[in-house]
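These notes concern the structure reproduced below.
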Amino acid sequence: MTIVTRFAPSPTGYLHIGGARTALFSWLLAKSQGGTFRLRVEDTDRERSTKEATDAIIEAMAWLDLAAEGSAVFQSERFDLYNSFIDQLLATGRAYWCRCTPDEVEAMREKARAEGRKPKYDGRCRELGLEPGAGRPDGRPDGWVVRFKGPQDGVTAFDDMVKGPTAVQNAELDDMILRRSDGAPTYNLAVVVDDHAMGVTHVLRGDDHVANTPRQILLYQALGWDVPRFGHVPMILGPDKAKLSKRHGALSVMEYKKLGYLPEALVNYLVRLGWSHGDQEIFSREELIRLFSTDNLGNSPSVFDLKKLEWLNAHYIKESTPQRLAALLPEFLGEAGSLDGLNLDPAYLAGIMPLLQPRAKTLVEMADMARFFLLPTAALVYDDKAVADQLKPEARALLAELLPIYESATDYGDHTALEAATQAFLDERGLKFKAVAQPLRVALTGKTASPGLFETMGVLGKNESLARIKRALAL
RNA sequence: GUCCCCAUCGUCUAGCCUGGUCCAGGACGACGGCCUUUCACGCCGUUAACAGGGGUUCAAAUCCCCUUGGGGACGCCA
């Protein structure tokens with residue numbers, strides 16, 4: 001049997017870190033067993049669901065490369081289907097009409113709470129055999145709902161893929177609403193109908209859904225359908241161990257893209273949050289597919305650690321090709337400032353990347369570090385303090401003497417030759433490298449921190465290198 | 001309040017099911033060192049945990065119970 005998993009977000013906002021991790025686990029579960037992964041948009045709440053959110057979620061999943069099979073299922077387009085099953089439940093006596101108002105139900109809950117019991121609907125309409133259209137006893141024009149007629153004793157049990165055997169007393173459950181007073185089906189009903197209709201065999205979802213699972217199982221049984229396997233992954237916490245929220249920083253997956261993270265870094269980070277394979281930390285997508293199993297999913301909540309994400313991102317930046325990074329960079333350069341006058345030639349950019357790859361933790365940092373390479377000499381910004389500290393008279397004199405040496409050098413592509421020439425000059429005068437290193441660096445880059453001097457000169461090329469030294473000398 | 005779940009270094013985790021090989025392993029971080037033309041990279045090292053208490057057992061991080069702490073659910077939201 002080939003398995004089917006799904007990710008079922010409700011389009012009320014962007015795709016957040018927690019949702020992305022659940023989606024990733026579901027995707028991995030399917031792929032690891034040669035199964036199918038599908039997407040369903042849970043937009044039964046017409047008030048809060050938006051097209052923008054739907055698009056944003058799909059965009060984020062695409063960025064993470066979590067492709068879903070077939071076209072997405074939209075619950076808002078399937079109300080007739082849901083209603084037909086509610087009618088069936090009504091006809092078979094597994095559901096009933098309830099005329100209680102929200103206020104009345106709230107009063108019941110209050111009462112139960114006050115008595116130290118679990119707040120729930122008391123089932124007063126359960127055996128009334130109410131028929132809408134047959135005239136309402138209280139004369140109220142509308143507002144009836146349909147409730148599930150759940151068992152009042154016994155136990156509903158299931159074997160959770162991550163938590164293991166789980167059981168709930170049916171008495172803990174109240175008769176959930178299946179159809180709202182406006183005729184719209186509710187979440188629990190729609191989920192069951194869709195998962196069955198879509199052939200879903202394994203449901204992996206957030207911890208916050210455990211309480212829904214027994215209710216849904218009861219629905220499957222009432223409808224006479226096979227019950228899928230369920231797995232509930234623990235949630236992600238902020239550094240203060242409270243549920244991860246906006247105040248902890250970026251929550252949206254796409255926000256991480258903006259912050260300069262590579263999708264494979266986020267995926268690798270997220271997968272290790274709650275899942276492990278021995279001591280391994282770095283996983284390629286192929287390894288993940290081959291190694292993933294719900295058996296290795298942890299069952300305690302985990303804290304989101306930005307430092308580790310940064311480490312992984314730095315790793316993937318090093319692993320990346322210069323060409324890919326070069327293509328990604330302009331977006332970040334533009335985000336940080338003007339692109340005017342910058343040399344954004346792809347080949348030039350690609351030449352810079354290897355110098356920055358070991359140094360940048362994010363693409364944002366990389367764009368910042370790349371800037372001095374891209375500015376024409378005339379527009380280069382020299383750091384005042386760096387100039388004051390490093391370009392003192394003696395230093396300038398040395399640079400002036402070095403200039404002809406660099407002028408006569410022909411092959412800037414060979415940075416070791418540049419270095420050898422510099423060393424020879426220094427040896428002649430019995431000077432240490434330190435005597436020229438920082439002054440030269442400031443002259444070339446405007447700053448005191450940069451990639452290796454001669455690699456930098458090699459990338460800048462002869463004309464730019466000479467122009468920069470001359471400009472520095474004139475400062 | 002009621003019900004459910006969780007509990008190993010600061011953090012992610014391995015180990016727990018199938019007690020002894022664990023005075024608990026890896027990784028991130030932090031700290032120190034090496035390398036070095038700056039900044040990084042890299043390399044080496046240090047730091048640091050079985051929540052507490054009872055059992056069971058020759059032996060418990062591993063099994064059982066209680067306590068504490070944390071989280072979740074209790075919607076005509078999903």
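Since we're looking at a predicted model, the values are computed, not measured. Here is the naming used below: chain letters follow the sequence lines, and residue numbers restart at 1 for every chain.
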Under a 3.5 Å cut-off for both distances, is [N] Watson-Crick or wobble paired, and to whom?
N      : answer
A51(B) : U67(B)
A73(B) : U2(B)
C23(B) : none
A30(B) : U46(B)
A61(B) : none
U56(B) : none
A40(B) : none

Grab the N/O contacts between the protein and nucleotides 72-74 of chain B below 3.5 Å, and write none if there aren't any.
residue, atom, partner, partner atom, Å
C74(B), O2', Pro119(A), O, 2.8

Regarding [X], tell me which of base, sugar-phosphate or nothing describes its non-hydrogen contacts under 4.0 Å with the strands shown.
X         : value
Ser276(A) : sugar-phosphate
Thr448(A) : base
Leu273(A) : sugar-phosphate
Lys447(A) : nothing
Arg48(A)  : base
Glu42(A)  : sugar-phosphate

Are any of the side-chain nitrogens in [X] or [Y] under 4.0 Å away from the carboxylate oxygens of its partner?
X         : Y         : result
Arg179(A) : Asp87(A)  : yes
Arg40(A)  : Glu42(A)  : yes
Glu172(A) : Lys118(A) : yes
Lys308(A) : Glu281(A) : yes
Arg38(A)  : Asp195(A) : no

Nucleotide nearest [X] (side chain, heavy atoms from C-beta), chosen from [options]:
X         : options                : answer
Ser300(A) : U38(B), C76(B), A7(B)  : A7(B)
Thr44(A)  : A78(B), C12(B), C76(B) : A78(B)
Lys241(A) : C41(B), U11(B), C6(B)  : U11(B)

Look at the side chain of Glu115(A) against the base of G1(B) and say whether a donor-acceptor pair falls under 3.5 Å; ignore hydrogens and angles.
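No such pair is found, so the answer is no.
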
Sticking with atom C1', work out how far A49(B) lies from C43(B), rounded to a whole angstrom.
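Looking at atom C1' only, A49(B) and C43(B) are 27 Å apart.
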
Measuring only the P atom in each nucleotide, how far is U8(B) from C63(B)? A whole number of Å is fine.
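U8(B) and C63(B) have their P atoms separated by 14 Å.
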
Taking only residues two or more places apart in sequence or in another chain, which ones pass salt bridge (Lys or Arg N to Asp or Glu O under 4.0 Å) with Arg48(A)?
Asp45(A)

To the nearest 0.5 Å, what is the distance between CZ (Arg124(A)) and CE (Met108(A))?
3.5 Å

For residues [X] and [Y], is any side-chain donor paired with an opposing acceptor at under 3.5 Å?
X         : Y         : result
Arg205(A) : Thr213(A) : yes
Tyr82(A)  : Asp194(A) : yes
Arg78(A)  : Gln75(A)  : no
Asn296(A) : Ser276(A) : no

At a cut-off of 3.5 Å, list every protein nitrogen or oxygen paired with a nitrogen or oxygen from nucleotides 28-30 of chain B, distance to 0.1 Å.
residue, atom, partner, partner atom, Å
C28(B), OP1, Trp311(A), NE1, 3.4
C28(B), O2', Lys308(A), N, 3.3

Does the cation-pi check pass for Arg6(A) over Phe37(A), that is, NZ or CZ under 6.0 Å from the six-membered ring centre and within 45° of its axis?
no

Pick out the pairs of N or O atoms, protein on one side and nucleotides 35-37 of chain B on the other, that lie under 3.5 Å.
residue, atom, partner, partner atom, Å
U37(B), O2', Arg441(A), NH2, 3.4
U37(B), O2, Arg441(A), NH2, 2.4

Output the residues of residues 6-16 of chain A in contact with RNA chain B, where contact means a heavy atom of the residue under 4.0 Å from an atom of the strand; sort by number or write none.
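Contacting residues: Ser10(A).
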
Walk me through whether Asp207(A) and His232(A) qualify under side-chain hydrogen bond (donor to acceptor under 3.5 Å, both in side chains).
CA-CA 5 Å; Asp207(A) 222 350; His232(A) 296 91; over 6 Å; no

Hey, could you give me each pair passing side chain to side chain donor-acceptor pair (under 3.5 Å) that has a residue in residues 10-22 of chain A? Not counting sequence neighbours.
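Listed once each, the pairs would be none.
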
For atom CG of Asp427(A), decide whether the heavy atoms of other residues, nucleotides or ligands shown that lie under 6.0 angstrom number more than 12.
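It does: Asp427(A) CG has more than 12 such atoms within range.
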
5' precedence on RNA chain B between Asp182(A) and Phe304(A) (nearest-nucleotide basis):
Phe304(A)

